[in-house]
K.L.:
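So that we are looking at the same thing, I have put the structure below in structure tokens.
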Amino acid sequence: NVLFVSNHRSYIDPFVQVTHFDALALAKAEVRAWPIIGFGIKITGTYFVKREEKTSRQAAREGIAATIKDGHSILLYPEGTTTALPQTLPFKPRTFHMAADTQVKVVPIMIEYQDPEDAWIGDDTFIRHFFQVFAKRKVVCAVHYGAPIWESDGEVLRNKVQSWINGE
């Protein structure tokens, strides 16, 4: 039971990644209303967070800690949004502090798509992008997993994980 932490390129990232490990995910609350994917995500046990509400963010962190303590892993994307930049956006710090405080190991993951159009960014509509990506015979991506990292200091942990992902 670990915290899997990845850069975030597309809404398909978790579908690719959880084929390699068993984990529940954390997603923004808006995803529940997305066509097609929203229903599937709701029934998987995904944690949803209203990012603009402090109490929702705190409840999500507490749920993550309890889930890991109960022997399950969690997958999250601390950038908070998708990006096609060559490096990650700044990671949100609170989950790393929770991981350090509760002695949870973090497994860094880097995902990158061969076709930059597979990343969902900018003003592209979800439906148009969904049909463009899922009309392909295959989507090629690289997924690299790092060794588990544990630190007693949340900032050190965040920096190590982000540096590893950016280095990949």
Side-chain angles (χ1 to χ4, degrees), residues 1-28 31 34 37 40-41 44-49 51 60-61 64-65 67-69 71-122 124 126 129-130 132-168:
N1 50 325
V2 298
L3 183 63
F4 291 101
V5 172
S6 180
N7 64 316
H8 201 14
R9 296 292 188 232
S10 178
Y11 54 86
I12 60 176
D13 295 349
F15 298 105
V16 171
Q17 293 167 332
V18 298
T19 62
H20 300 148
F21 56 82
D22 185 26
L24 299 171
L26 176 70
K28 61 184 178 181
V31 172
W34 287 4
I37 289 181
I41 290 176
T44 64
T46 296
Y47 283 95
F48 292 98
V49 62
R51 297 181 297 181
R61 282 191 300 276
I64 288 168
T67 297
I68 292 172
K69 185 178 179 183
H72 305 283
S73 294
I74 295 286
L75 168 63
L76 64 86
Y77 303 93
E79 291 170 282
T81 191
T82 57
T83 180
L85 296 172
Q87 300 288 293
T88 59
L89 296 172
F91 282 1
K92 308 286 189 247
R94 298 275 185 212
T95 305
F96 293 96
H97 291 275
M98 176 277 301
D101 292 345
T102 58
Q103 301 179 357
V104 171
K105 290 181 181 176
V106 176
V107 175
I109 305 171
M110 184 285 301
I111 187 166
E112 195 65 46
Y113 294 88
Q114 185 177 47
D115 181 354
E117 294 294 313
D118 292 335
W120 187 43
I121 55 168
D124 202 359
F126 172 78
H129 189 267
F130 178 87
Q132 173 189 317
V133 171
F134 283 89
K136 295 180 173 186
R137 282 184 44 95
K138 65 181 178 179
V139 172
V140 178
C141 67
V143 182
H144 296 214
Y145 298 89
I149 300 171
W150 180 82
E151 288 288 338
S152 60
D153 182 303
E155 279 305 303
V156 172
L157 180 61
R158 178 174 71 144
N159 290 333
K160 281 187 175 184
V161 170
Q162 190 162 17
S163 291
W164 185 92
I165 292 171
N166 285 333
E168 288 295 301

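Keep in mind that the numbers below use all heavy atoms, side chains included, and drop hydrogens, waters and symmetry copies. Fair warning: this is a prediction, and the values are worked out from it, not measured in the lab. Position 1 is the first residue of the sequence; numbering continues from there.
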K.L.:
Under a 4.5 Å cut-off applied to non-hydrogen side-chain atoms, are V5 and I109 in contact?
P.N.:
no

K.L.:
Would you say T88 and N166 are linked by a side-chain donor-acceptor pair, where the criterion is simply a distance under 3.5 Å?
P.N.:
yes

K.L.:
Can you classify the ring geometry of F96 versus F91 as parallel (below 30°), tilted (30 to 60°) or perpendicular (above 60°)?
P.N.:
parallel

K.L.:
Judged by atom type as modelled, is there a donor-acceptor pair below 3.5 Å linking the side chain of Q87 to the main-chain atoms of I165?
P.N.:
no

K.L.:
Going by side-chain hydrogen bond (donor to acceptor under 3.5 Å, both in side chains), name the pairs with one or both residues in residues 96-107, residues two or more places apart or in two chains.
P.N.:
H97-E155

K.L.:
Would you name the heavy atoms of M110 and N7 that are closest together and state the gap between them?
P.N.:
CA-OD1, 3.3 Å

K.L.:
Apply ring-ring contact (aromatic ring centres under 6.0 Å, His included) to H144 and list each qualifying residue two or more places apart in sequence or on a separate chain.
P.N.:
none

K.L.:
For the residue pair W150 and A100, what are the closest heavy atoms and their distance?
P.N.:
NE1-O, 4.2 Å

K.L.:
Looking only at atom types and distance, does a side-chain atom of R158 sit under 3.5 Å from a main-chain N or O of K92, one as donor and one as acceptor?
P.N.:
no

K.L.:
With sequence neighbours excluded, tell me which residues meet ring-ring contact (aromatic ring centres under 6.0 Å, His included) with F4.
P.N.:
F21

K.L.:
Between H72 and N1, do the side chains contain an N or O donor and an N or O acceptor separated by less than 3.5 Å?
P.N.:
no

K.L.:
Work out which heavy atom in A65 is nearest to a heavy atom in M98; give both atom names and the distance.
P.N.:
CB-SD, 3.7 Å

K.L.:
Checking D115 now: which residues fulfil side chain to side chain contact (heavy atoms under 4.5 Å, CB included) with it, not counting sequence neighbours?
P.N.:
E117, D118, K136

K.L.:
For E151, check salt bridge (charged side-chain N to carboxylate O under 4.0 Å, His left out) against everything at least two apart and list the hits.
P.N.:
K160

K.L.:
Go through the structure and list residues passing side chain to side chain contact (heavy atoms under 4.5 Å, CB included) with P14, not counting sequence neighbours.
P.N.:
L75, Y77

K.L.:
Within the 4.5 Å heavy-atom criterion, are V2 and I68 side-chain neighbours or not?
P.N.:
no

K.L.:
Shortest non-hydrogen contact from Y113 to I111?
P.N.:
OH-CD1, 3.5 Å

K.L.:
Between L89 and Q162, what is the shortest heavy-atom contact and its length?
P.N.:
O-NE2, 2.8 Å

K.L.:
Side chain of E79, backbone of H8: donor and acceptor closer than 3.5 Å?
P.N.:
yes

